[in-house]
Structures are given as structure tokens and as C-alpha cells.
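We count ligands from 1, going down the list as the structure has it; atoms in each ligand are counted the same way. For reference, positions follow the sequence shown, starting with 1.
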Amino acid sequence: MTARHSKYEILKSPTKKLVSGLLKGCSMLLKESIGILTETLQFMELFRVGRLDFVPRADDIFLVTYPRSGTTWMQMILYQLASRGNMDFTHICQVAPWFERVISFNVMNTEDIEAVPSPRIFKSHLSYRWIPKGQCKYIYVMRNGKDVAVSFFHFYKSHLGFKGDFSEFFDLFMRGKVQFGSWFEHVAGWREHVGNPNIMFLEYENLIQDLEGCLRRIIQFCGFDVSSEQFPEIMEKCSFAFMKKHESKFDHITATIWEKGYKQNAFLRKGEIGSAKTYLNDRQEKLFEQKSEKYIGKFGANTAIRSSAPLNP
Ligand code: A3P
């Protein structure tokens, strides 16, 4: 039997089929488990939120969406209208925090949330069932679900390391096995409340087609005070082109950096000799010298490591 023949035989063998079937089964099971884990984590988040002693203010605004429906755009719109054009933030989430996330990840505690000046703007992906209820305003933004799936697919690839193709993602999306669960259930859960005067429903497509009209409706609904002179500048700042130009203020990656308290532009610090003099106290200095003597002393009294003396004088 030639090597080629034996390989062919193996490929065709029932064992190969069995192993391949088992692997496929395991991979499906793993995917299911990831879905269950995602749901469990979500539940834990929601559980924390439920326990939080959060009392909505009458002028709070909850901007709620299923992801990739224009959330960030609406965060920007609301903040621009509320602040009348202020761009003094590193990330939009600093001025319009992601409610359940800042709480679940301890980015903000109850006092921090309390300290946010009115009108507070909160982004949220919570279902109607879990959103804090009160006399505040809610804006729910919807987008064509198929466009949401495509946008979410690209987000999964660019930000979450998803390696599959669109049809794999679409299958997960249709089964609600993606972050934030089923688009269908999310939208249906909120749409049941059409007619509630505290909830404004907006469509992403309408925002694209008639941004000015939508902004005027939002101003009226939220009671913002925007002069006609300020309006064109706000419109400009809410355009896709403007936001694209300042993308780091909106990118999820920058939000994560901010949430973790990481400092940007701190990696290349000073590039100078001798910073240690101002940092080490006598005890630390002595400790270092003793250990240095023990390990490196045998190579010469003043090694480059200890005193910055040249290795080849
Ligand atoms: P695409 O991926 O289709 O481009 P979310 O903030 O809910 O995650 O939604 C992201 C989607 O909103 C992205 O869609 C993004 O391009 C779009 N978006 C963000 N700002 C926008 C703007 N100013 N105008 C139009 N679309 C915007």
C-alpha cells in the first residue's frame, strides 16, 4: 500500500468520521456553553444592578438600544444638546456613562453616579424588564435588525476577536447567542411600551434621513434649551464625518482604557538617568545595594546595572 493510498484509506475510514463527528459535537457544545456563560454573566450584572440603591431623577435620560443600533451616536446627540456643543471629554462614556457597565465593573459607585450633574445621560443595553423605573425619560433607538447583524458581525471581528464568517455569526445572532442576547426579544420587549409618554422611540434610519427633525423632537421631549445659533454647530458635531474624525472619543477600545483607569501617553515617561534618586528612601537604597552586591558585585564594583558606568570604559 502506498503512502498516498493509506492516507486516502484513513480519510475514508469510519474512525475518521467518528472523530470528526465528535469534534464537531464538542465545538458546538463549546459554542453553546459560551452562550450560556454570556447569559450568566449578564444575569450577574443585572443582579448587581437590581441590588443597587439607584433612584432615578426626574430629569435623568436613559438612552437604551440593542448594540449597533446607533447608541454612540445618540450618546453624542444627547450630550451635545445638553451641553450645547461641549467636546471636552476623552471618551463619550465619561459624560454619558454606560449605566449597567460602570456599576458592574465598579467604574463608578453610587456616590459617583449621584455626583453626575443633571440632566444625567445614561447609555444602556438593558431589556425593558431590567431598566431602572422612574419618572425619568427613556429614549429607545431601533435599527433594521439585518443591518444590526452586519454591524455587530464587524464589531465582533474588530473588537472581540471573532474568527468565524458572517454565516456563522448570523446563526449565533438569530439564536440570540451573542452579547446582549436576542435582538428580537430586546426590540419586542421595549415596543410593548409604545404609547408610554416617558418613552420616546426613534429609528436609526430616521436619524440618517432627517437628523434635524429628530433633534428637534429630542429637544422637545427632553426639554433642552438650545438656541437657534447653537443648533447648526451641534448638527455638524453629530454628523458621521465629525465623529469619524474624532473616533477615539467614541471607540469602545478607548472606553475600556478609561474604565480600567489606564493612563494614555504614559508609556514613554521621561527617558532620563537617575530618576531613582528621588524615589528610593534610605532603606530601599540599602536593600538594593546589598542584593546587588550579592548577585552582581562579583562582576565589578560599579556595574552598569548599579551605577550606569560604561561596560567597556
Ligand atoms: P455601522 O457598523 O453600520 O457603520 P452602536 O453605537 O450602537 O454600537 O452603533 C454603531 C453603529 O452606529 C455603526 O454602524 C456606526 O457607524 C453607526 N454610527 C455611529 N455614529 C454615527 C453617525 N454620526 N451617523 C451615522 N451612523 C453612525
Evaluate the side-chain proximity of Met74 to Ile218: yes if any heavy-atom separation is below 4.5 Å, no if none is.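 A side-chain contact under 4.5 Å exists here.
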Would you sort out whether His186 and Tyr140 count as a ring-ring contact (aromatic ring centres under 6.0 Å, His included), showing the intermediate values? CA-CA 11 Å; His186 202 282; Tyr140 188 77; 5.7 Å; yes
In a simple table, one pair per line, please give the protein and ligand 1 atom names for every N or O pair closer than 3.5 Å, along with the distance.
residue, atom, partner, partner atom, Å
ligand 1, 2 (O), Arg68, NH2, 3.4
ligand 1, 2 (O), Ser151, OG, 2.6
ligand 1, 3 (O), Arg143, NH1, 3.4
ligand 1, 3 (O), Arg143, NH2, 2.9
ligand 1, 6 (O), Thr71, N, 3.4
ligand 1, 6 (O), Thr72, N, 2.9
ligand 1, 6 (O), Thr72, OG1, 2.4
ligand 1, 7 (O), Arg68, N, 3.0
ligand 1, 7 (O), Ser69, N, 3.0
ligand 1, 7 (O), Gly70, N, 3.1
ligand 1, 7 (O), Thr71, N, 2.8
ligand 1, 7 (O), Thr71, OG1, 2.3
ligand 1, 8 (O), Arg68, N, 3.3
ligand 1, 8 (O), Arg68, NH1, 3.0
ligand 1, 9 (O), Gly70, N, 3.3
ligand 1, 14 (O), Arg143, NH1, 3.2
ligand 1, 23 (N), Trp73, NE1, 3.2
ligand 1, 23 (N), Cys238, O, 3.3
ligand 1, 23 (N), Phe240, N, 3.4
ligand 1, 26 (N), Tyr204, OH, 2.8

Partner set under salt bridge (charged side-chain N to carboxylate O under 4.0 Å, His left out) for Glu247, not counting sequence neighbours: Lys244
Could you list the cluster mates of Phe267? Members are the ILVMFWY residues connected by side-chain heavy atoms closer than 4.5 Å, either directly or through other members. Leu268
So which pairs with a foot in residues 205-242 pass ring-ring contact (aromatic ring centres under 6.0 Å, His included), sequence neighbours left out?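 Listed once each, the pairs are Phe242-His246.
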Between Trp73 and Tyr204, does the ring centre distance come in under 6.0 Å? yes
